[in-house]
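Keep in mind the model is a prediction, meaning the values are calculated, not measured.
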Amino acid sequence: MNYKELNLIGSSSPHIRTKDGAGHIMGEVLIALLPALAFSVYNFGPKALVNVLVSTAGCCLFELLYRAAMRKNNTVGDLSAAVTGVLIAFVCPVTIPYWILLIGDFFAIVVVKQLFGGIGKNFLNPALAARAFMLSWAGEMTTWVPPRTAVPVWGAFDAVSYPTPMAMLHSGDLEGLRKIYDLPEMLVGLTGGSLGEVSALLLILGGAFLIFRKVITWYIPVSYIGTVAALTFLFPRGNDPVQWMLYNLLGGGLLLGAFFMATDYVTSPVSHLGQAIFGVGCGLITVFIRYFGGSNEGVCYAILMMNLTVWLIDKNIHPHRFGVAKAARTGKKQAEKKEAESK
């Protein structure tokens, strides 16, 4: 048979075929987020679900409109915009107005993602960049309600900001926090806070699902959470070290950030060593902000700052390439042999 009659496709290496495309991977992430979403609806009422639906629809719509306006192919089907929409809603309080959610969606999809080339080209995590931008409306972004409070889907809600675990930890008031929330409540998620960060147990289960399915590796979550655990245990700010460490691990957005945001393929290193360094850096910055910063929570800014170092980590820490070390040794031996013969 003439080779010209074969149905061959020319492409650059590596030549690896897999069914795990972007849509499949993002679908797995959405599945992992479902338990935390279900609990947020239980904890804050149906508005939690509506927030997620509005944010997801907004991200998909902005991506569709931008790609159409630029006459590019439609990429909504890869589900990356849907994941971004869910995560934006997850890092906001349930009382957030819909219009702020949509502004955050636009910033994440158009400014952070599409203007840099679309999926695989952004250098910041879109959802966290959107959250940082949305803090321009600080009042709306920092109004928290007590757990088991059903917020109305539409209309005014006279919300009085309720203290979150991270607000009390930031002030060093562990005893006051223990009077409001015990560790089982922190683990289950019967606390105030952002919509998707409250249930530590379900976030851990979702993260374990992603690791089991090999969607993510354990290097970033373990190094990130382990660094926060070590630092808070060693420097408990005058509190019981174990209690202080556990409340810091279960409170705030640490688990959501470690499993679902710091592990973003595009904005994290490619090598295992690089991923471990990335996770340690996130942990160091998170604890530093929690202890000395003006913000109660440091996860968002820690991950964004480490996103900016990924190029440097990847430049200096390369993954092992098959056969390179052997070739280097062979070349060295041949050079030594030639040098000996010349003498």
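Between W244 and G172, the closest heavy-atom pair is CH2-CA, 4.1 Å. Residues C60 and V76 come closest through the heavy atom pair O-CG2, 3.6 Å.
Y247 contributes no side-chain N or O that, together with a main-chain N or O of M186, makes up a donor-acceptor pair within less than 3.5 Å. Checking side-chain atoms of Q243 against main-chain N and O of D240 turns up no donor-acceptor pair under 3.5 Å. Between the side chain of S271 and the backbone N or O of G274 there is at least one donor-acceptor pair closer than 3.5 Å. No donor-acceptor distance shorter than 3.5 angstrom exists from the side chain of H170 to the backbone of P165, with no hydrogens or angles considered. Of the possible donor and acceptor atoms, none in the side chain of Y224 sits under 3.5 Å from a partner among the backbone N and O of A276.
Separation of atoms CE (M134) and CD1 (I103) is listed at 8.5 Å; rounding is to 0.5 Å. Rounding to the nearest 0.5 angstrom, the gap separating the CD1 atom in I211 from the CH2 atom in W218 is 9.5 Å. Between the CD atom in E197 and the CE atom in M166 there is a gap of 9.0 Å [rounded to 0.5 Å]. Going from atom CZ of R131 over to atom OG of S194 covers 5.5 Å, rounded to the nearest 0.5 Å. Rounded to the nearest 0.5 angstrom, M26 CE and T84 OG1 are separated by 7.5 Å. Atoms CG and CD1, from N51 and I100 in turn, are 11.0 Å apart once rounded to the nearest 0.5 Å.
N125 and T267 share no side-chain donor-acceptor pair at under 3.5 Å. Side chains of T95 and E140: a donor-acceptor N/O pair is absent below 3.5 angstrom, by distance only. No side-chain N or O of S171 forms a donor-acceptor pair with one of D173 less than 3.5 Å apart. N43 and R148 share no side-chain donor-acceptor pair at under 3.5 Å. Donor-acceptor pairing under 3.5 Å is lacking for the side chains of Q275 and S223.
Put simply, the side chain of T227 reaches to within 4.5 Å of the side chain of L284, judged on heavy atoms. Counting heavy atoms from C-beta on, the side chains of L169 and R290 never come closer than 4.5 Å. For the pair K113/S80, a side-chain contact is recorded, criterion being any heavy-atom separation below 4.5 Å from C-beta on. The closest side-chain heavy-atom distance from Y301 to T286 is not below 4.5 Å. In this structure the side chain of F90 reaches within 4.5 angstrom of the side chain of L256, judged on heavy atoms. Between L210 and F260 there is a side-chain heavy-atom pair separated by less than 4.5 Å. Inter-residue side-chain proximity for P93 and L195 is flagged as unmet; no heavy-atom pair is nearer than 4.5 Å. Looking at L183 and L187, their side chains never come closer than 4.5 Å, going by heavy atoms from C-beta outward.
Taking a 6.0 Å sphere around CH2 of W311, one finds it holds 12 or fewer heavy atoms contributed by other residues, nucleotides or ligands. Around atom CZ of F288, no more than 12 heavy atoms belonging to other residues, nucleotides or ligands sit under 6.0 Å away. Residue K121 places its NZ atom among 12 or fewer non-hydrogen atoms of other residues, nucleotides or ligands, all under 6.0 Å distant.
Linking ILVMFWY side-chain heavy atoms closer than 4.5 Å, directly or via other members, places V112 and L64 in two distinct hydrophobic clusters. When the side chains of ILVMFWY residues are joined at heavy-atom separations under 4.5 Å, either directly or via intervening members, F233 and V228 end up in a single hydrophobic cluster.
The aromatic rings of F133 and F107 lie parallel to each other, their planes meeting at an angle below 30°, with 60° marking the opposite boundary. Using cut-offs of 30° and 60° for the angle between ring planes, the Y219 and H272 rings count as parallel.
Here the two rings, on Y42 and F39, have centers that are under 6.0 Å apart. Note: W154 and Y98 meet the aromatic proximity criterion, with ring centroids under 6.0 Å apart.
For the pair R237 and Y291, the cation sits on the ring face: its NZ or CZ lies under 6.0 Å from the ring centre, inside 45° of the axis.
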| F44 and V145: CA distance, side-chain angles, deciding distance, side-chain contact (heavy atoms from CB on, under 4.5 Å) verdict | CA-CA 8 Å; F44 299 117; V145 297; 3.8 Å; yes
